[in-house]
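Heavy-atom basis, side chains included; hydrogens, waters and symmetry copies ignored.
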Amino acid sequence: MKVTDKTLVLVGLLAFFVSLGCVSFVLVELGGVDGITGFATTNTTYGYVNVTVLGSVAVTLVQDTVEFGSGALGSGTKYVNSSNLNSGNPSGFSKPGPFHLRNDGNVYVNVTVNGSTATEFFGVSEQVYKYGMESGNDGALVTVCGNYSGGSNDRDRWNYAESNSSQIGVAFSSGETHDTLCPNMSYSAGTDELNVSIFLEITNDTGNGTYEDKLEFMVISLEHS
């Protein structure tokens with residue numbers, strides 16, 4: 001039997017449409033082209049976020065003045081201090097409260113202080129002019145000031161008497177020497193504040209007049225977190 005070209009074309013077209021119908025049926029059953037998992041491809045890429053926070057040294061002297069006002073002297077020694085633990089000063093001297101420091105930066109810092117000696121301050125000997133540290137609005141000093149050594153001067157500097165007499169405290173060093181207040185002051189909220197109180201013992205050898213001193217607080221970054 002002779003098969004004509006026309007017959008071959010018709011058979012070819014019929015086979016094509018049958019195949020196309022089968023493929024369409026399979027795609028419908030699989031849920032479209034996406035359903036053919038064998039042909040799926042994965043393309044993964046990444047995004048990056050970077051930020052650099054610079055260190056900032058910023059210790060604020062929130063209370064920068066200790067003003068005792070005026071008071072009268074008598075035959076005995078007058079014990080006057082600015083401590084928050086002090087219930088009140090005698091003979092008309094006011095209770096100003098201590099110096100208050102707060103670390104507003106974002107690095108640990110070493111804090112030192114320089115002031116006059118008692119003789120330089122009052123102009124006569126046998127008077128006392130000292131400083132001592134106490135907790136500010138935050139927790140214990142050992143938390144605010146890590147790594148304090150606990151030597152004799154540090155104990156006097158940190159653990160002075162709470163009464164108005166027999167005060168401990170530490171005398172300021174002479175000259176340009178700075179004394180360590182807080183060797184490792186924290187910047188973390190809740191542990192970044194401290195107080196520095198001033199203690200005076202004044203006798204009747206002190207003449208009338210106004211006595212003033214300017215303290216220098218030096219702050220050095222420790223550059224660690």
Side-chain angles (χ1 to χ4, degrees), residues 59-103 111-142 144-145 148 151-182 185 193-219:
V59 172
T60 302
L61 196 55
V62 179
Q63 179 164 328
D64 61 2
T65 303
V66 173
E67 174 58 71
F68 289 108
S70 58
L73 299 181
S75 58
T77 300
K78 300 300 179 183
Y79 300 96
V80 180
N81 75 58
S82 65
S83 171
N84 278 336
L85 302 174
N86 176 17
S87 59
N89 286 318
S91 304
F93 293 105
S94 61
K95 178 193 170 184
F99 291 106
H100 182 76
L101 290 83
R102 183 181 66 227
N103 187 353
V111 184
T112 62
V113 65
N114 173 260
S116 300
T117 65
T119 301
E120 291 169 340
F121 183 58
F122 287 109
V124 293
S125 60
E126 306 303 323
Q127 317 301 296
V128 171
Y129 174 41
K130 295 182 177 181
Y131 69 93
M133 293 175 61
E134 63 180 308
S135 299
N137 297 332
D138 296 330
L141 286 171
V142 292
V144 178
C145 297
Y148 110 89
S152 59
N153 270 355
D154 284 329
R155 284 196 296 271
D156 289 345
R157 189 176 290 121
W158 289 46
N159 301 315
Y160 54 82
E162 299 180 8
S163 65
N164 275 10
S165 61
S166 301
Q167 296 165 6
I168 302 176
V170 177
F172 292 100
S173 298
S174 60
E176 300 299 319
T177 301
H178 277 72
D179 297 325
T180 298
L181 281 176
C182 186
M185 186 176 184
E193 300 182 35
L194 61 86
N195 289 333
V196 179
S197 296
I198 299 299
F199 303 94
L200 306 177
E201 295 180 18
I202 311 172
T203 72
N204 56 7
D205 291 331
T206 304
N208 67 299
T210 300
Y211 299 90
E212 298 177 332
D213 190 25
K214 180 172 69 175
L215 303 188
E216 181 178 71
F217 294 92
M218 183 179 294
V219 179

Results of side chain to side chain donor-acceptor pair (under 3.5 Å) for Glu216 - residues two or more places apart only
His178
Would a 4.5 Å heavy-atom cut-off, applied to side chains only, mark Val219 and Leu101 as touching?
no
Value rounded to 0.5 Å, distance of CZ in Phe68 from CG in Asn89
6.0 Å
Working to the nearest 0.5 Å, report the span between CG of Asn195 and CE of Met133.
9.0 Å
Can you tell me how far CE of Met185 sits from CZ of Arg102, rounded to the nearest 0.5 angstrom?
9.5 Å
For the atom pair CD (Glu193) and OG1 (Thr60), what is the distance rounded to the nearest 0.5 Å?
9.5 Å
Looking only at heavy atoms, what is the nearest atom pair of Ser82 and Val66, with distance?
CB-CG1, 3.8 Å
The criterion is side-chain contact (heavy atoms from CB on, under 4.5 Å); which residues satisfy it with Glu126, sequence neighbours excluded?
none
Got Phe217 and Val59 here, is their nearest side-chain heavy-atom distance under 4.5 Å?
no
Enumerate the residue pairs fulfilling side chain to side chain donor-acceptor pair (under 3.5 Å) with a member in residues 90-99, sequence neighbours excluded, ordered by first and then second residue.
Lys78-Ser91
Tell me, please, which residues at least two apart from Phe172 pass ring pair (Phe, Tyr, Trp, His ring centres under 6.0 Å).
Tyr129, Tyr131
Hey, does Val113 have a side-chain heavy atom less than 4.5 Å from the side chain of Val196?
no
Without swapping roles, check the side chain of Asn81 against the backbone of Glu201 for a donor-acceptor pair under 3.5 Å.
no
Could you pull out all residues at least two apart from Ser174 that satisfy side chain to side chain donor-acceptor pair (under 3.5 Å)?
none
Looking only at heavy atoms, the pair that brings Gly69 and Glu67 closest together is N-OE2, 2.9 Å
Contacts of Thr117 that satisfy side chain to side chain donor-acceptor pair (under 3.5 Å) - sequence neighbours left out:
Glu120
Going by the rule side-chain contact (heavy atoms from CB on, under 4.5 Å), which residues pair with Thr177 if we only count those two or more places apart in sequence or in a different chain?
Ser173, Asp179
Would you say the side chain of Tyr79 lies within less than 4.5 Å of the side chain of Val128, judging by non-hydrogen atoms?
no
For Gly97 versus Asn84, what's the shortest heavy-atom pair and its separation?
CA-OD1, 4.2 Å
Of all the heavy-atom pairs spanning Pro98 and Ser197, show the shortest one and how long it is.
CB-OG, 3.4 Å
Euclidean distance, Ile198 CD1 relative to Ser83 OG, rounded to 0.5 Å
11.0 Å
Does Gln127 have any side-chain contact (heavy atoms from CB on, under 4.5 Å) partners at least two apart in sequence or in another chain, and if so, which?
Phe122, Val124, Ile202, Thr203, Asp205, Thr206
What are the two closest heavy atoms between Cys145 and Leu194, and how far apart are they?
SG-CD2, 3.6 Å
For the student: nearest non-hydrogen atoms of Gly175 and Asn114, plus distance:
O-ND2, 3.1 Å
